[in-house]
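What follows is one structure encoded as structure tokens, with my remarks underneath.
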2 protein chains.
Amino acid sequence: MTKQQERTERSTRALLDAAGAIIVEEGFAAMTFAKIGERAGYSRGLVTARFGSKEGLVETLIDLIVNGWSHKNVIPATKGADGIDGVETLIMSIRRQIARDDTGVKVLYALMFESLGHDVALKERFSRLHHTMRRDFAGMVRQGIRDGTIRPDVDPKREAVLIISGLRGIGYQWLLDQGRFDPLPALDYLAQTTVDRLVADKDAQ
Amino acid sequence: MTKQQERTERSTRALLDAAGAIIVEEGFAAMTFAKIGERAGYSRGLVTARFGSKEGLVETLIDLIVNGWSHKNVIPATKGADGIDGVETLIMSIRRQIARDDTGVKVLYALMFESLGHDVALKERFSRLHHTMRRDFAGMVRQGIRDGTIRPDVDPKREAVLIISGLRGIGYQWLLDQGRFDPLPALDYLAQTTVDRLVADKDAQ
DNA sequence: TATAGGTTATTTGTCACCGAACAAGCTACC
DNA sequence: GGTAGCTTGTTCGGTGACAAATAACCTATA
């Protein structure tokens, strides 16, 4: 790799890191070009030069998190795991990621919640993300019903909504009480209660 | 009541309604003095004259919702209901309020999520709100354990976190998918699964 | 290998815009 | 006529965007 590429890569990385840190610490609205540049150790103008616009930067940031984390960790983890295991694995892979390095997840959640009020494009993006997420969860539940690991009387769609609600609500309380709310036990309990509820019980039915 | 008071009351009401509507439709960030005034049928200057500052307006708005709705509907509904009934009633009273008139709840949720990125004061306020809410839920669970309506092996604090997570997550998906996500069945399912999990089961243990 | 000329990365200067806040003035009520 | 409600004019700070200037780097050529 040439020195120019290295330079670009280093500054891009610094800018994205700075942007993420600002979003987590002070929120999306506080993320101005001047602040990003200063924090990254560059000028305020570089952000525009590199990403074109604020939207471009955010898009890149989300791609980085979703593709570099979700796709690399969450998807493979659930591959092979069927039915009830898939559901549990999906929740626990988020837990694992937070335990290892919480910054990416924090940025993602902060953007998710704050996107409600700002950009229509961002809102649309997260809306789609939730649609597919609900579909995936519901699919796993259906799979579990088919393979007998999940009791047949559960409604896959409602389950998907409830599980995702749990995830998002934990994320919200986590961000709201920076440092004082531990998401890990909450995720554990979410996983545990979900499994308990879904698992085929010999006595029931 | 004198005509002056009526006038003030009418304009105050109009301003608060407009502010709420803007928050719901376009988000907290889009809520500018000019927009509020225009929408309410007054000038942009009245907001400052009436509430002093933007913070003052938001404070008033939250008070109006929390004191005028939560305290009037939720608290009395759970009075008398003990243990498991209290938990279910609390969830269902939110459901009832949304079914009757969802605007207030929507405004509250929108502020909750967006406050993450804006005001520190707002964040602090919602942080406290969640603390007391968790404490209240945990108290109800403990009460239920004492009076035998809730199984003794549940952890009140973890339950409180999980239930509130469910509520917030449903709220988030509701706001994200304006018009396409129905919170009512989700709240029903949340209440049902919560009760199923908490209720003293003769076979268990 | 030295360096000139071109290319890419980064900074600085500047503009147009928007928002909150306040003050001075105007209008409705009493 | 006086007070309370409301409006208009204005200021000030801050923002994203872009263009022009500068600095770092790369390459071709002698």
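A, B, ... follow the sequence lines: proteins, then strands. Residue 1 opens every chain.
The number of heavy atoms from other shown groups lying within 6.0 Å of CD (A/Gln192) is above 12. Other residues, nucleotides and ligands place more than 12 heavy atoms under 6.0 Å from the CD atom of A/Glu25.
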Exercise. In the 5'-to-3' direction, what one-character label does each nucleotide of nucleotides 12-19 of chain D receive under the scheme B = base within less than 4.0 Å of a protein heavy atom, S = sugar-phosphate only, - = no such atom?
Worked result: ---SSB--
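For A/Ser43, the side-chain atoms get nearest to C/dT10 when compared with the rest of D/dC26, C/dT10, D/dC6. Nearest nucleotide to the side chain of A/Thr2, out of D/dC26, C/dC29, D/dG5: D/dC26. Nearest to the side chain of B/Ala49, among D/dA24, D/dT7, C/dC30, sits D/dT7.
With ring centers used as reference points, B/Phe113 lies under 6.0 Å from B/Tyr172.
Atom pair B/Gln4:CD and C/dC29:P shows a separation of 7 Å (rounding to whole Å applied). Atom CZ in B/Arg50 sits about 8 Å away from atom C1' in D/dC6, given to the nearest Å.
Side-chain atoms of A/Thr149 never come within 3.5 Å of backbone atoms of A/Ile145 as a donor-acceptor pair (strictly under, hydrogens ignored). No donor-acceptor distance shorter than 3.5 angstrom exists from the side chain of A/Ser127 to the backbone of A/Lys123, with no hydrogens or angles considered.
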For this session: Please assess A/Leu16 against A/Phe51 for the test side-chain contact (heavy atoms from CB on, under 4.5 Å), listing each intermediate value before the final yes or no.
Result: CA-CA 10 Å; A/Leu16 288 170; A/Phe51 301 101; 3.9 Å; yes
